[in-house]
Amino acid sequence: MRLRRSFHTAQVQRRLLPVTLLTVLAAATAAAVSAAAPPAPKPAAAPPSGTLTFCNVSAPRPVTGTFTYTVSAPASQGGTQTFSIAVGSCSGRVFWNQGVTLTVTENVPAGDSVTAITASGGASTITSTNLAAGSATVLVGSGESVVTFTTQGPPGTPIPPRPCKVPNVLGLTLAAAKAALKRSSCTLGLVTRAYSRSYPAGGVVGTKPARGTVLAHNARVGIVLSRGPKP
């Protein structure tokens, strides 16, 4: 009986041996292939980009309505795009790769004219302008830049009076404050006095209304002069 069991065990072992060897060889082959295979390449980093926002403003002779702007870019950057922008508003931000050159052209209404094209914020720059054609060449840089087209109406268009924006006159003498008010299309209103430790006697310690307030053209602005520190 023991002889039969031993014989049976030997037969099972002989049958399992090739399977075991194949398993070992397969594992070794896989390990060798894995070791020899080069690492998977990393995905290429996206090129750096910047954004542009286009704005439409009017001065000094006012214009109204919605203007069309055409932006010509290389085909790889989306090709030609158009934007409809109302006077006094801006487009959304648009991404372009840094170093790309764009040509931006305003469809100037008959009789109107472009007086200025500027870029602010970010690192995008205007490399050339043609005001008569209402166009500019823009080199895209980093950050968020704003390209502003300023357009005016035809000659004879009434120019509205400039509003009074209360200037910062703190610390000025009454005469200097009056001149600053005039430059800001404001006029001198009621002059009062108050004690102050911050400003010497005769210096302006405040305005009524506060600086930055926008009023009608030639609106009166009150001035508060210092009496010096309270005794």
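Quick caveat, the model's predicted, so the values are computed rather than measured.
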_Evaluation steps, side-chain contact (heavy atoms from CB on, under 4.5 Å), between Ile223 and Thr207_ = CA-CA 5 Å; Ile223 292 291; Thr207 57; 3.9 Å; yes
*Determine, step by step, whether Asn107 and Thr70 satisfy the side-chain contact (heavy atoms from CB on, under 4.5 Å) criterion, reporting the C-alpha distance in whole Å, the side-chain angles of both residues, the deciding distance to 0.1 Å, and the verdict.*
CA-CA 8 Å; Asn107 182 19; Thr70 302; over 6 Å; no
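Using modelled atom types, one finds a donor on one side chain and an acceptor on the other under 3.5 Å when comparing Thr137 with Ser128.
Put simply, Tyr199 and Val221 are part of two different groups of oily side chains (I, L, V, M, F, W, Y) that touch within less than 4.5 Å, one to the next. Cluster annotation: Val191 is connected to Leu215 through the hydrophobic network of ILVMFWY side chains, with a link wherever side-chain heavy atoms come within less than 4.5 Å. Follow the hydrophobic side-chain contacts under 4.5 Å out from Val146 and you never reach Val104; the two are in separate clusters. Criterion: ILVMFWY side-chain heavy atoms under 4.5 Å apart, direct or through other members. Under it, Val204 and Leu174 are part of a common hydrophobic cluster.
The two atoms that bring Phe149 and Gly134 nearest to each other are CE2-O, 3.4 Å, heavy atoms only. For the pair Ser84 and Thr68, the tightest heavy-atom approach, listed with the atom from each and the gap, is OG-OG1, 4.2 Å. Residues Asp112 and Gly153 approach most closely at OD1-CA, 3.4 Å, considering heavy atoms. Nearest heavy-atom pair across Ala73 and Trp96 is CB-NE1, 3.9 Å. Residues Arg197 and Pro229 share a closest heavy-atom pair of CG-CB, 4.2 Å. Between Ser145 and Gly121, the closest heavy-atom pair is OG-O, 2.8 Å.
In this structure a side-chain-to-backbone donor-acceptor pair under 3.5 Å is missing from Thr66 to Ile85. A donor-acceptor pair is defined here as one N or O able to donate and one able to accept, closer than 3.5 Å; no such pair exists between the side chain of Arg211 and the backbone of Pro167. A donor-acceptor pair under 3.5 Å links the side-chain atoms of Ser58 to the main chain of Thr151, judged by distance alone. Remark: side-chain polar atoms of Arg61 are paired, donor with acceptor, to backbone N or O of Pro154 under 3.5 angstrom. Side-chain atoms of Ser226 come within 3.5 Å of backbone atoms of Pro200 as a donor-acceptor pair (strictly under, hydrogens ignored). Side-chain N or O atoms of Glu106 include none that pairs as donor or acceptor with a backbone N or O of Phe67 at under 3.5 Å.
To the nearest 0.5 Å, the span separating OG1 on Thr150 from CD1 on Ile117 amounts to 8.5 Å. The SG atom of Cys164 lies 7.0 Å from the CG atom of Leu181; values are rounded to the nearest 0.5 Å. Within the model, atoms CG of Leu102 and CD1 of Ile126 stand 11.0 Å from one another, a figure rounded to the nearest 0.5 Å. Here the straight-line distance linking atom OG1 of Thr173 with atom CG of Leu225 works out to 9.0 Å at 0.5 Å rounding. Ser184 contributes atom OG, which lies 10.0 Å from atom CG of Asn168 (distance to the nearest 0.5 angstrom). Here CZ of Arg220 is found 12.0 Å from SG of Cys186. Values are rounded to the nearest 0.5 Å.
Under the 4.5 Å side-chain criterion, counting only non-hydrogen atoms from C-beta, Val100 is in contact with Pro74. Within the 4.5 Å cutoff, no side-chain heavy atoms of Ser113 are placed close to those of Leu131. The side-chain heavy atoms of Val94 and Thr53, taken from C-beta on, include no pair separated by under 4.5 Å. Annotation: side chain of Val138 is not in contact with side chain of Thr127 (no heavy-atom distance under 4.5 Å). Side-chain contact between Ser124 and Leu52 is present, with at least one heavy-atom pair separated by less than 4.5 Å.
Under the side chain to side chain contact (heavy atoms under 4.5 Å, CB included) rule, Lys178 has a single partner from Val169, Leu172, Thr187, Leu188, which is Leu188.
Between Phe83 and Phe54, the ring-plane angle classifies as tilted under the 30° and 60° cut-offs.
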